Asker: 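Got a structure here, written out as structure tokens. Questions coming.
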There are 2 protein chains.
Amino acid sequence: MEEPLSRTMSGQITTRIREKILSGVYAPGSALLQDVIAAEFGTSKIPVREALVQLRSEGLLDIYAHRGFQVRPLSAQEVAEVFHLRLSIEPAAVAEGARQANAPDRDYARDALARLNQALAGNELSRSGDLNCAFHLALIVPRLYPMTNDVLFRLHTVSQRYVRLHLQDRGRTRRANKQHTELYNAWAAGKAKEAERLTRTHIEETGAELMATLSHE
Amino acid sequence: MEEPLSRTMSGQITTRIREKILSGVYAPGSALLQDVIAAEFGTSKIPVREALVQLRSEGLLDIYAHRGFQVRPLSAQEVAEVFHLRLSIEPAAVAEGARQANAPDRDYARDALARLNQALAGNELSRSGDLNCAFHLALIVPRLYPMTNDVLFRLHTVSQRYVRLHLQDRGRTRRANKQHTELYNAWAAGKAKEAERLTRTHIEETGAELMATLSHE
DNA sequence: ATGTCGTAGATCGTATACGATCTACGAATG
DNA sequence: CATTCGTAGATCGTATACGATCTACGACAT
């Protein structure tokens, strides 16, 4: 039941460093020394460097030539931008997914939702972030829109950094849970316009909560 | 007057490989052997690999673990998706840029347009692609929206592969030229709504032309 | 004839070693 | 006293060397 580990060190390290950034183990603003990380994972620097290049493209860290890698700091401005971008793209993409999904696509999304709910029930915070992302991406049917999927993956990934800041809020979890179910049901029934509306609402509410949390902290 | 070369081999090689993919020297669908590229640039494989990881994140090539790198094939579907995404994001972002740009931002955009026109006048096709991208990105004022800038850079980069397929069309060049000037004037005057409309029209027309070119080829 | 297995060659992926660049900090200079 | 210069240590960036994986293809078994 484990994730099928990437065939390369770079791939595995990318996933593991990403997780450490998202969970805050590598704190925002902190420097990442490639020798230290390499030792931490028991490898040489080369796969570490490739992982860091990848994570930079995901917006999780900055590279300063000859000076090192730094976890990108958090900012209320970034949250606003990310959720604004998601609103520009995701509702319409989910509507299109609702129109074009076939049976396997719907099964896949249903399973993704089930896994997400299971993780939330078990309070497995770290996994729930990825599973939440996977569920939302399933609704856009990546097969149809690979580039859209790519863009949204990045946006979800960045937003996870902020979501985890207040993930202990059980009320929020329950509400998100309910919204996900409604959204999935509309989507799977091919009700494109309703799925679009629910997606927009879901993103707006999540974004607003995050902004509120960040501002009085 | 040369570009300030990146401080690292990886950076320089990224730029040079990108250019070769965009110009078709590395043809769509062809395999890229890291040893061959390394020999071509007179370096070892390591910076080449980092460049290829970066270019993958830009959507220009695919990586198959233990099997190699491949220039991503062109497809009408991808053009449609890229221009659809640009329409979702760029007009509103340009409008916002028009509202918030300060004097240096406007100077920078004006210069970018001038450089683009100069390249087009001199028929320097390879540079005009980058300069076109730079002009359009200047209008969104990257300083304000770094993530939006990032996303649009990727979309422009991918679309360049298709634009260059029919760049010899002088009529199109002249028309784009006129649209750019109108767009810049509205933008610099702070006419956000007009800049938004002109951006939308410009993207729609460009996308439609590309789709037409691709379909009867 | 078909399919499986195994080997050779090519290519990828990573470890090690080395050279280049940066930062910090103290000495020399005006 | 302020500033410049220069050196030492740390860290980054890349070349070289080696081991791992894949593909192609021919021998063998069915």
Side-chain angles (χ1 to χ4, degrees), chain A residues 2-21 25-73 150, chain B residues 2-21 25-73 150:
Chain A
E2 277 301 305
E3 288 286 319
L5 279 183
S6 168
R7 282 259 175 292
T8 66
M9 271 294 166
S10 305
Q12 297 178 40
I13 295 178
T14 302
T15 302
R16 294 174 67 181
I17 297 180
R18 186 192 295 118
E19 174 55 30
K20 290 204 174 192
I21 293 175
V25 174
Y26 293 157
S30 65
L32 297 182
L33 308 188
Q34 36 186 266
D35 288 328
V36 173
I37 295 178
E40 195 173 331
F41 291 130
T43 70
S44 79
K45 297 187 305 190
I46 287 160
V48 172
R49 288 179 56 82
E50 289 183 13
L52 294 175
V53 169
Q54 169 64 30
L55 292 170
R56 174 188 181 282
S57 85
E58 295 180 14
L60 296 181
L61 48 85
D62 294 316
I63 302 183
Y64 303 97
H66 295 284
R67 293 198 305 166
F69 299 77
Q70 184 184 19
V71 179
R72 190 171 288 182
D150 225 65
Chain B
E2 275 304 302
E3 286 289 318
L5 280 183
S6 168
R7 283 260 174 293
T8 66
M9 269 294 163
S10 305
Q12 296 177 41
I13 294 178
T14 302
T15 302
R16 294 173 68 182
I17 297 181
R18 186 192 294 117
E19 174 56 31
K20 290 204 177 196
I21 293 175
V25 173
Y26 293 157
S30 64
L32 297 181
L33 307 189
Q34 38 187 262
D35 289 328
V36 173
I37 295 177
E40 195 173 331
F41 292 130
T43 70
S44 78
K45 296 185 307 190
I46 287 158
V48 171
R49 288 180 57 84
E50 287 183 15
L52 293 175
V53 169
Q54 168 65 30
L55 293 170
R56 175 191 180 284
S57 85
E58 295 180 15
L60 296 182
L61 48 86
D62 294 315
I63 301 184
Y64 303 96
H66 296 287
R67 293 197 306 165
F69 299 77
Q70 184 183 17
V71 179
R72 191 171 287 182
D150 225 64

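Because the structure is predicted, anything quoted here is derived from the model rather than measured. Throughout, a chain's letter reflects where its sequence line sits, starting with A, and its residues are numbered from 1.
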Asker: Only one of A:R56, A:R72, A:Q70 forms a side chain to side chain donor-acceptor pair (under 3.5 Å) with A:D62, so which one is it?
Answerer: A:R72
Asker: Could you tell me whether A:R16 and A:E40 make a salt bridge, using a distance below 4.0 angstrom between a side-chain N and a carboxylate O?
Answerer: no
Asker: Taking for each residue the nucleotide of DNA chain C bearing the nearest heavy atom, is the 5' side occupied by B:Q34 or by A:I46?
Answerer: B:Q34
Asker: Let me know the distance between CG of A:D35 and P of D:dC12, rounded to the nearest Å.
Answerer: 6 Å
Asker: Report which part of the nucleic acid B:L32 touches: base, sugar-phosphate, or nothing (heavy-atom distance under 4.0 Å, all strands).
Answerer: sugar-phosphate
Asker: If you only use heavy atoms from C-beta on, which nucleotide in C:dA15, D:dG13, D:dC22 is closest to the side chain of B:H66?
Answerer: D:dC22
Asker: Check whether any side-chain N or O of A:S10 sits under 4.0 Å from OP1 or OP2 of C:dT14, and answer yes or no.
Answerer: yes
Asker: Whole Å only: how far is the OH atom of A:Y64 from the P atom of D:dG13?
Answerer: 13 Å
Asker: Rounded to the nearest angstrom, tell me the gap between atom CE in B:M9 and atom C1' in D:dA15.
Answerer: 11 Å
Asker: Between A:R49 and D:dG13, does any side-chain N or O lie under 4.0 Å from OP1 or OP2?
Answerer: yes
Asker: Over how many whole Å does the gap from A:I63 atom CD1 to C:dC22 atom P extend?
Answerer: 16 Å
Asker: Rounded to the nearest 0.5 Å, how far does CG of A:L32 lie from CG of A:L61?
Answerer: 6.5 Å
Asker: Could you check how far CD1 of A:I37 sits from P of D:dG13, rounded to whole Å?
Answerer: 13 Å
Asker: C:dT23, OP1 or OP2 - any side-chain N/O from A:R67 closer than 4.0 Å?
Answerer: yes
Asker: Rounded to the Å, how far apart are B:L52 CG and C:dG13 P?
Answerer: 10 Å
Asker: Evaluate the side-chain hydrogen bond (donor to acceptor under 3.5 Å, both in side chains) criterion for residues A:Q54 and A:E50: first the C-alpha distance (whole Å), next the side-chain angles of each, then the deciding distance (0.1 Å), finally the verdict.
Answerer: CA-CA 6 Å; A:Q54 169 64 30; A:E50 289 183 13; over 6 Å; no
Asker: Could you tell me how far apart B:K45 (NZ) and C:dG13 (C1') are, to the nearest whole angstrom?
Answerer: 7 Å
Asker: With DNA chain C as reference, determine whether B:G68 or A:A65 sits nearer its 5' end, using the nearest nucleotide of each.
Answerer: B:G68
Asker: Specify the separation, in whole Å, of atom CZ of A:F41 and atom C1' of C:dT14.
Answerer: 16 Å
Asker: Of the options A:I17, A:L33, A:V48, A:L52, which is the one that meets A:F69 in a side chain to side chain contact (heavy atoms under 4.5 Å, CB included)?
Answerer: A:L52
